[in-house]
Amino acid sequence: MNVPSYAAQSATAPLAPYRIVRRDARPGDVVIEILYCGICHSDVHKVNNDWGNTHFPVVPGHEIVGRVVSRGSKVSRFREGDLVGVGCIVDSCRVCPECRAGHEMFCEKGVTFSFDSLEQDKKTWTYGGYSASLVVDERYVLRIPSGLDPARAAPLLCAGITTYSPLHQFGCKPSDEVAVVGLGGLGHLAVKLASSMGADVTVLSTSHGKEEDAARLGAKRFVVTKEPGALDALAGKFNLMLDTVSATHDLNKEITLLRNFGTLILVGAPPTPTPLEAFSLISGDKRIAGSNIGGIPETQEMLDYCGKHGITADVEMIKIQDVNEAYKRMLKNDVKYRFVIDMATLKA
Ligand code: NAP
Ligand code: ZN
Ligand code: ZN
C-alpha cells in the first residue's frame, strides 16, 4: 500500500507531504485507518535530531488512534470497525524473557518502535502515525475503552503510559506528596493520573501561565521554579517526583525537594546531560530512577484505568498542514496540553 504521510527529510527541513509504503497484511496483522495522532515532544526531538540518532526521512507519530479496516486470517482479537490504539511499540521478538514479561520495550533482540526504528528483519525502517494508515500485528494493538473520546485518548498511547507506568511501579498512593515537574503533554496527564490515585500533587513549572489549569487538572499546589526562594519552601516534601522536562535543567535542586528515601523519576529526555552531585542523593538516602514508556499489557491496563476514571488529554486539534507551527509552539512551552493531528486533513 502506498499511503500519504508527512515526513522530515533532514533535521533542518520542515515536515512535508511524503508517500510511504505499508506492507501487505500478514495473517496476524490488522490494517488501521489512522484518525488521530498526538504530537509528543519525542517527535520533536527526533525530527530535530536532538538525540543524534535520527534516520531520515522520518515520519514521526506514536500516539495513534484509528479504526480497523481489514485484518489477516489469523487475527482473533479485533474486527473491522473496532476503535484501536497503537503506541510506541509495534514489534519485538516475542519470546525473550522481557517480551514474555510484557516489557517489550526492553526486548533482548531489539524492540521495533513505531517510527525511526528497524523492523524485526533489521533492514526495514518504520514510519509512524503522521500518515493515513498503519499495518501492525495484533499483539501490539490496544483496545480504546468505549466512552473515551478518540482524539483525546490518542495522547494516552505515549504520554499516558509514560506517566502511569512510573506512578504505578513506584506505588503512588493516597496522601503521597507527588511533584510533577513541567506541565506539558506528559506533565498534565501525570497530574490527572496521580490525583486520581489519591496523591497530593504539586506542579513545578517555569511560569505562572499554567496555574489555573493545574488546579483544574487536580493539582493542590503550583510553584514557579524560577521565583527566588520558591523551592526552598518545599525542601524535603515529596515522596515521588516525576520530571517530564524536555530541556536540560538542574537536577540537584530538584533532589533537595525529596523527603528521605524519596525517589525522583526521570521521564523527560533532554538532549544533553546534567551534572549530578553525589551528596544531594547521599544525604537522605534519596533515589533517582528512569522510566521508559511501558509494555503492551501495562498500556492496556492504563487505557482501561483511564476508561474507568474518565481520564483523557486536554488537546488542541490541528490540521496536518499546521504541524510545523505546532512544533515551534511546543519549543516555547505553548500547548494546552497536547497537539493532536486530525488525520482526515491529510486527505484534504
Ligand atoms: P512538552 O509537552 O513539550 O512538555 C515539556 C514541558 O517541560 C514544558 O511544557 C515545560 O513545562 C517544561 N520545560 C520545557 N523547557 C524547560 C526548561 N528549560 N526548564 C524547565 N522546564 C522546561 O513535552 P512532552 O511531550 O510532555 O515530553 C516531555 C519529555 O519527555 C521529552 O523530552 C520527551 O522526549 C520525553 N518522553 C520520554 C518518554 C519516556 O519513555 N521516558 C516518553 C515520552 C516522552 P512548564 O511550561 O510547566 O515549565
Ligand atoms: Zn512519546
Ligand atoms: Zn524480545
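We count residues from 1, following the sequence as given. Predicted, not measured: the structure shown is a model, and the values here were computed from it. Counting convention: from 1, in listed order, for ligands and their atoms alike.
Atoms of the protein (N, O or S only) found under 2.8 Å from the Zn ion (ligand 3) are C93 SG, C96 SG, C99 SG, C107 SG. For a distance threshold of 2.8 Å, the protein N, O or S atoms nearer than that to the Zn ion (ligand 2), listed by chain and number, are C40 SG, H62 NE2, C158 SG.
At least one N or O atom of H45, backbone or side chain, sits closer than 3.5 Å to an N or O atom of ligand 1. Below 3.5 Å of separation, one finds no N or O of I39 facing any N or O of ligand 1. Between Y337 and ligand 1, not a single N/O pair is under 3.5 Å apart. On a distance-only criterion, G187 and ligand 1 share no N/O pair closer than 3.5 Å. Backbone and side-chain nitrogen or oxygen atoms of S291 are examined, and one is located within less than 3.5 angstrom of a nitrogen or oxygen of ligand 1. At least one N/O-N/O distance between L183 and ligand 1 falls below 3.5 Å. Considering backbone and side-chain atoms alike, G185 places an N or O below 3.5 Å from some N or O of ligand 1. Between S207 and ligand 1, a contact under 3.5 Å exists for no N or O pair.
Among protein heavy atoms, atom 25 (O) of ligand 1 sits closest to R338 NH1, 2.6 Å. Ranking protein heavy atoms by distance to atom 3 (O) of ligand 1, first place goes to H41 ND1, 2.7 Å. Nearest protein neighbour of atom 40 (O) of ligand 1, counting heavy atoms only, is I293 N, 2.8 Å. For atom 35 (C) of ligand 1, the closest non-hydrogen atom on the protein side is V267 O, 3.6 Å. Among protein heavy atoms, the minimum distance from atom 48 (O) of ligand 1 is reached at T206 OG1, 2.6 Å. Protein heavy atom in closest approach to atom 7 (O) of ligand 1: V245 CA, 3.6 Å. In terms of protein heavy-atom proximity, atom 28 (C) of ligand 1 is nearest to T244 O, 3.0 Å. Among protein heavy atoms, atom 44 (C) of ligand 1 sits closest to S42 OG, 3.3 Å.
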Can you give me every donor-acceptor pair (side chain of residues 63-73, partner residue at least two apart or in another chain, under 3.5 Å) with its distance?
from	atom 1	to	atom 2	distance (Å)
E63	OE1	R338	NE	3.1
E63	OE2	A159	N	3.0
E63	OE2	R338	NH2	2.9
R67	NH1	G81	O	2.7
R71	NE	E80	OE1	3.0
R71	NH1	F78	O	3.3

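In the model, T112 has a side-chain atom that pairs as donor or acceptor with a side-chain atom of Q120 under 3.5 Å. In this model, no donor atom of one side chain and acceptor atom of the other lie less than 3.5 Å apart for Y327 and N48. Checked by atom type, the side-chain pair T345/D342 shows no donor-acceptor distance below 3.5 Å. A donor-acceptor contact under 3.5 angstrom links the side chains of Y337 and D213, judged on distance only. Under the 3.5 Å distance criterion, with hydrogens and angles disregarded, a donor-acceptor pair is assigned to the side chains of K46 and N53. Inspection of the R152 and T312 side chains reveals an N or O donor paired with an N or O acceptor under 3.5 Å. No hydrogens or angles considered: a donor-acceptor pair under 3.5 Å links the side chains of Y305 and S196.
Considering K220, R221, R259 as possible partners of E177, the one that fulfils the salt bridge (charged side-chain N to carboxylate O under 4.0 Å, His left out) test is R221. The one candidate from I255, L258, L264 that meets the side-chain contact (heavy atoms from CB on, under 4.5 Å) condition with S280 is I255.
If you look at H62 and F115, their ring centroids are closer than 6.0 Å.
Distances from ligand 1 to the non-hydrogen atoms of A159 include no value under 4.0 Å. Residue contact annotation: W51 has a non-hydrogen atom under 4.0 Å from ligand 1.
With A247, G268, A190, G290 as candidates, the residue nearest to atom 30 (O) of ligand 1 on a non-hydrogen basis is G268.
For ligand 1, the atoms sitting less than 4.0 Å from at least one non-hydrogen atom of C158 are 42 (C), 43 (C), numbered in the order shown with element in parentheses. Of all atoms in ligand 1, numbered sequentially from 1 with element shown, those under 4.0 Å from a heavy atom of S205 are 45 (P), 46 (O), 47 (O), 48 (O). Of all atoms in ligand 1, listed by their number and element, those nearer than 4.0 Å to a heavy atom of N292 are 40 (O).
For the pair R329 and E316, the salt-bridge criterion is met [side-chain N within less than 4.0 Å of a carboxylate O]. One finds a salt bridge joining R94 and D137 here, because a Lys/Arg side-chain nitrogen approaches an Asp/Glu carboxylate oxygen to under 4.0 Å. The pair R79-D82 does not count as a salt bridge, with every side-chain nitrogen at least 4.0 angstrom from each carboxylate oxygen. Ion pairing of R22 with D29 is absent here, as no side-chain N (NZ or NE/NH1/NH2) approaches a carboxylate O to less than 4.0 Å. For the pair K347 and E33, the salt-bridge criterion is met [side-chain N within less than 4.0 Å of a carboxylate O].
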Exercise. Can you list the steps and then say if S92 with R139 is a side chain to side chain donor-acceptor pair (under 3.5 Å)?
Worked result: CA-CA 10 Å; S92 64; R139 188 190 181 291; 4.6 Å; no
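Of the inter-residue distances, the one linking L303 atom CG with I161 atom CD1 reads 8.0 Å to the nearest 0.5 angstrom.
Taking the six-membered ring for Trp and thresholds of 30 and 60 degrees, H45 and W51 have ring planes inclined between 30 and 60 degrees apart.
Legend: ring pair (Phe, Tyr, Trp, His ring centres under 6.0 Å) pairs involving residues 208-256, not counting sequence neighbours: none detected.
Taken together through direct or relayed side-chain contacts under 4.5 Å among Ile, Leu, Val, Met, Phe, Trp and Tyr, L331 and V245 form parts of separate hydrophobic clusters.
The residue F222 has no part lying near ligand 1, judged by heavy-atom distances below 4.0 Å.
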